[in-house]
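Hydrogens, waters and symmetry mates are skipped; everything else that's a heavy atom, side chains included, is used.
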Amino acid sequence: MERKEEIIQAALMLASKNGIDNVSMSQIAMQLGIKKPSLYNHFRSKDEIVKAMYDYLRTQAKEKLKITDPDYGKLVKDKSLEEVLKLAVHNYCKMSTQSDMFSFYKIIYSTRATNCMAAQIMCEETEKMLLATKNLFYALQVHQKIFVKDIDQAAISFTMTIHSLIDYQLDRKSAGNKFNEDILDNYICWFSKEFGGKDEENID
């Protein structure tokens, strides 16, 4: 394991125990058994470590699950709208709940209201979701699998609803409450019936 990876893993472990706001560069250095100035050979600040942690863990999660950037045309060609959306959402959920990635998200979620870097990371993640969904919806439109008047707004609406439902599930899980595990699939099923296989002229 390279030194940068060791720093990221040490920071993640400390943040999981104490919260990211309560982790200092000195603590990270102590955890690794090195002197604080040595950290600055790799990262200029704790914020830079947190950002690198996000990029590294996201990449690792995708590699472990063998999730690659899709060819949207091939992805949608022989599948129904519901099949395509379920595949995309399930892959995203698998990536987000992969062990280290899930630990990181819990840390970021808990501090995004007070920590600028945490808020920036969540904005970046949402923007990645939005872009991926728009590209997917464009391909679905080309292959006549989805029928809406404004494809961009449909992609935004879908993305933010999925985002909110995932947040809701995580909140209920953290609170120790039961939740409907089919809530995402039920929404996708409804969305697909509303906007798949219809004549666009009949949509209000």
Side-chain angles (χ1 to χ4, degrees), residues 1-70 88-135 159-160 162-179 181 184:
M1 185 182 293
E2 293 183 359
R3 179 61 81 187
K4 280 192 173 184
E5 292 179 39
E6 291 177 349
I7 293 170
I8 287 170
Q9 291 292 345
L12 177 62
M13 186 187 71
L14 290 169
S16 296
K17 291 180 179 178
N18 307 315
I20 197 67
D21 288 337
N22 297 316
V23 176
S24 67
M25 294 290 274
S26 296
Q27 289 173 324
I28 297 171
M30 187 179 298
Q31 179 66 32
L32 290 168
I34 62 176
K35 294 182 179 180
K36 181 179 174 181
S38 297
L39 283 181
Y40 292 99
N41 293 329
H42 304 281
F43 297 102
R44 291 172 294 180
S45 66
K46 186 177 76 173
D47 279 352
E48 193 171 289
I49 294 176
V50 174
K51 179 61 172 66
M53 193 187 304
Y54 166 67
D55 294 333
Y56 170 76
L57 293 177
R58 200 177 196 279
T59 299
Q60 288 292 103
K62 290 177 73 174
E63 287 179 356
K64 285 180 182 178
L65 296 168
K66 298 181 180 179
I67 297 173
T68 58
D69 294 333
V89 171
H90 289 176
N91 279 343
Y92 180 78
C93 288
K94 285 178 185 177
M95 183 194 72
S96 300
T97 55
Q98 195 274 331
S99 181
D100 284 348
M101 197 76 226
F102 186 61
S103 296
F104 177 75
Y105 278 137
K106 287 199 294 185
I107 294 164
I108 293 300
Y109 267 63
S110 66
T111 58
R112 59 181 172 171
T114 57
N115 184 293
C116 290
M117 179 53 66
Q120 178 59 40
I121 287 171
M122 291 315 305
C123 286
E124 184 176 331
E125 181 63 19
T126 302
E127 286 157 10
K128 285 179 179 177
M129 286 179 66
L130 285 168
L131 179 59
T133 306
K134 284 184 180 181
N135 289 335
T159 299
M160 298 313 295
I162 292 296
H163 202 303
S164 295
L165 289 174
I166 291 173
D167 283 354
Y168 174 61
Q169 285 184 316
L170 293 177
D171 286 342
R172 288 193 65 85
K173 184 175 181 179
S174 296
N177 297 328
K178 291 183 179 180
F179 60 87
E181 294 184 0
L184 289 171

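Here the side chains of Lys134 and Thr159 are not in contact, with every heavy-atom distance at 4.5 Å or above. Side-chain contact between Asp21 and Asn115 is present, with at least one heavy-atom pair separated by less than 4.5 Å. At a threshold of 4.5 Å between non-hydrogen side-chain atoms, the residues Ile166 and Tyr92 count as touching. For the pair Asn41/Arg3, no side-chain contact is recorded, criterion being any heavy-atom separation below 4.5 Å from C-beta on.
Of the inter-residue distances, the one linking Gln98 atom CD with Tyr105 atom OH reads 11.0 Å to the nearest 0.5 angstrom. Distance check, rounded to the nearest 0.5 Å: NE2 of His42 to CD1 of Ile7 gives 5.0 Å. Remark: Ile20 CD1 to Ile107 CD1 distance equals 6.0 Å, nearest 0.5 Å. Atoms NZ and CE, on Lys64 and Met95 in that order, are 13.0 Å from each other to the nearest 0.5 Å. Of the inter-residue distances, the one linking Lys17 atom NZ with Leu14 atom CG reads 7.0 Å to the nearest 0.5 angstrom. From Leu165, atom CG reaches atom CE of Met160 across 11.0 Å, with rounding to the nearest 0.5 Å.
For Lys62, the NZ atom sits in a packed shell: over 12 heavy atoms of surrounding residues, nucleotides or ligands are nearer than 6.0 Å. Summarising the local packing, NZ of Lys35 is surrounded by 12 or fewer heavy atoms from other residues, nucleotides or ligands at distances under 6.0 Å. Within 6.0 Å of atom CG in Asp69, 12 or fewer heavy atoms from other residues, nucleotides or ligands are found, so the atom counts as exposed in its surroundings.
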For this session: Tell me, with the steps shown, if Asp47 and Gln120 meet side-chain contact (heavy atoms from CB on, under 4.5 Å).
Result: CA-CA 11 Å; Asp47 279 352; Gln120 178 59 40; over 6 Å; no
For this session: Decide yes or no on side-chain contact (heavy atoms from CB on, under 4.5 Å) for Glu124 and Tyr54, but give the supporting numbers first.
Result: CA-CA 10 Å; Glu124 184 176 331; Tyr54 166 67; 3.5 Å; yes
For this session: May I have the step-by-step check of side-chain contact (heavy atoms from CB on, under 4.5 Å) for Thr126 and His163, ending in yes or no?
Result: CA-CA 8 Å; Thr126 302; His163 202 303; 3.1 Å; yes
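Of the options Lys46, Glu48, Lys51, a side-chain contact (heavy atoms from CB on, under 4.5 Å) to Met117 is made by Lys51 and by none of the others.
Taking every heavy atom of both residues into account, Leu184 and Cys93 meet most closely at CD1-SG, 3.7 Å. When all heavy atoms are compared, the tightest approach of Phe43 to Met25 is O-CE, 4.1 Å. The minimum heavy-atom distance between Arg44 and Tyr40, with the atom names listed, is O-CE2, 3.3 Å. For Arg112 against Ala119, the heavy-atom pair with the smallest separation is O-CB, 3.5 Å. Nearest heavy-atom pair, Met53 versus Leu12, reported as atom, atom and distance to 0.1 Å: CE-N, 3.8 Å. Residues Ala118 and Ile108 share a closest heavy-atom pair of O-CG2, 3.5 Å.
Under 3.5 Å, the side chains of Ser16 and Ser103 contain no donor-acceptor pair of N or O atoms.
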